[in-house]
Structures are given as structure tokens and as C-alpha cells.
Amino acid sequence: MTLMPKPRISVLMAVYDAGRFLDKSIGSVLRQTFTDFELICIDDCSTDSSRNVLRRYAAEDPRVGMVFLPHNHGPAYARNAGLKIARGEYVTFLDADDWLADDALEQIVETFDRNPKTDCVLFDAVNVYPNGTQEPYHWNFDKAVSRNPDGSFLVMTGRQAFEESLFSWNIHGVYATRTEINRRFPYDESSRGFSDDNTTHIHYLVSREVRCCPARYYYRQNNASISHAASPLRLDCLDANASMKRQLEALRMDDDIMDRYELRRWLVLVDTYMFYVLHRRSFSPADRCMCLSRLHRTWQSIETWRLCPSDIRKLGYYPFRCWLLFRCEEEFYFFLKRLLGKTNR
């Protein structure tokens, strides 16, 4: 990577078998009206044409840097590899199949420059679906927060943004942050497909201010991602949630946050068990055994005394402290849901 003058903002792009998307994604960065940037592309041991595409762009533009990983680790690990060499005052990420509006980085940097207490700036995210349909992100945060004309918020405290993202993603996690914060809290590598969300929550929490700006980020909705696929990797969300809990404990969060997050972990466990019930026939015997082991481990770790009684006094959600009873409850609950679904057709 050729050493250039220190840029204002670094863009991290983790790449894995994304060759067919790279011309659009990288091209959107190179067309930016704000030119004082570096783009660090981290190839996560791709098996397609990605590396050749990256080499071509790096040869054509000195602002494009490359990191080639010898083994596949997932996006969080890849972003951290790029973060180690990032030199910008600010850091953001761009997924390899997404793209930016031409003035996105200009809007981000201007927002930071106008607001010296702001530590995180959110993009104006637009969901792009496989049929080409585009849909603006639907904001659903506390009405006490000042809104912009487009429905987004003007400014929140870090604690407000943390809570609005932690429990229900009322605000999204596509943003730029000051590099010093990202270095203090690098991307969570505890799971391959879910733990990067944990980093977003922490970045918001430690920020003095969090703002929105009109910088458009086009976010491609991918039905083949881990969160959508019928794969045992879907259970990585359990490990990611456990990692988030450990981080909250390390930050000595108050009991209200810990109680609410433990309820979230419980609800995710029930939801993940349903995923297992729906898809286990497509899993190998070894994968089924592994899934049950991970579900059991999470069930054991739940601090049931933190759960709100009004949220657990119903079929399917009562936290039995006998693994067999818990499994029987879930199997019966999901059997009834399927039966009622067929009856209502």
C-alpha cells in the first residue's frame, strides 16, 4: 500500500466472493465529491475473481489499499485487519455489495466538522431489494427525540442511541465514527455473522453525541446471508448475544439495562429454538447435536431472575429450569403454532 498524506476518512470494505459487485461498490467510493479518503479493501480469502478486481483498482488509484487474508474469518475479523492500518481521522465501512451516493463522504465529514462533540454519524440508509425496489429506512425511535423532516433524528446522546439500537433497532447501524473510538472498541469477532452489531451498540454508548446526516448508503438486502439462510450458522446469534452481555457487564451497566438485555437474550433463545425446529430435518445428525448443545448452553446461562414476569407468563416463554421441560414446552408450543397456522388457511 503506497503511503499517501493522511486522509480525513478511511473506508473499510471486507470482501468475500463479491467479485460481481465490486465495480459498483468501489466505483461509488472513487466517484465521491469528497476526495480526501482512503479505501482499504480486505479480501477474506475469496475463491472468485475478487482479488483480481481489487488488484486492478489498487493499481489504478493510490487511495485504494489491499489486505489479503490467508484464511477466511468473517467480516468482523476482516474489518479489524483493515482498522489496524487505517489512517483517517474518521472510519466507516462499506459492505462489498453495497454502494454510496456520490456526496456521501462529503456529508459525513461536514457533519463531524460542524459538530465537534459528535462521535458517530449515521448514514441515510436505503434498503435495496433483489427486485430492484428501494425503500428508505423506517425510523421508529422515541418520539421525545427531535426529528428531521425525513423522519430521522437530529441528535441523540450516546446513551439514547445505545438504547434505541440495543433492544429493537429503532435506529440502524450504518455509520461513521471517530477512529480513536473504533480503535478502543474494535469489531467484535465472537461470531461470524452477528457480532458486528455488538460493536455498533458500544460505539453509540461511548459517544458524546450521535447524529444523522443526508449521506445516502444503499444497503443491498441479501436473502443468502447468514441471518436469512437455513444453516446451523444461524445459531451464531446466541454467541454474539453472550458476548454483548459480557461487554455490558465489563462496562458496569445498570440493572435496568442488564434486565432488559437478559429478556432479549431469552426471547432470541426461544426464537432460535423455533428456527431449529423448523429446519432440523435438513441438518445432518452432527449438526443437530451441535445445535442442541448450543441451545442448551445458552439456556443454562440465562439469569431467569432478571426476566420480567409479565413477559414470560405464557406458553412457550416460561423459563423452566429443567432442560427437558423447556424442550417439551417449546416443541408443544411450536406444534400448536403450526397447527393453528394450517387451520387458519
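The side-chain tip of R79 points at the ring of Y187 from less than 6.0 angstrom away and within 45° of straight on. A cation-pi arrangement, defined by a distance under 6.0 Å to the six-membered ring centre and an angle within 45 degrees of its axis, is absent between K24 and F21. In this structure, R321 forms a cation-pi arrangement with W299, its terminal cationic atom sitting closer than 6.0 Å to the ring centre and no more than 45° off the ring axis. No cation-pi contact links R8 to F37, judged by a cut-off of 6.0 Å to the six-membered ring centre and 45° from its axis.
Side-chain atoms of D44 do not come within 3.5 Å of backbone N or O of V15 as any donor-acceptor pair. Using a distance-only test at 3.5 Å, with no hydrogens or angles considered, no donor-acceptor pair links the side chain of S46 to the main chain of D43.
Counted by atom type alone, E209 and N115 present zero donor-acceptor pairs between their side chains at under 3.5 Å. Y218 and Q134 form no side-chain donor-acceptor contact under 3.5 Å, judged by distance and modelled atom types alone. A side-chain N or O of Q247 and one of S243 form a donor-acceptor pair less than 3.5 Å apart. Defined by atom type and a distance below 3.5 Å, a donor-acceptor pair is missing between the side-chain atoms of Y137 and N127. Checking E331 against Y273 by side-chain atom types alone, a donor-acceptor pair falls below 3.5 Å. Side-chain contact of Y16 with D48: a donor-acceptor pair under 3.5 Å is absent, judged by distance alone.
Using a 30° and 60° split on the angle between ring planes, H279 and F275 fall in the tilted class, from 30° to 60°.
The only option from R265, R294, K245 that meets the salt bridge (Lys or Arg N to Asp or Glu O under 4.0 Å) definition with D239 turns out to be R294.
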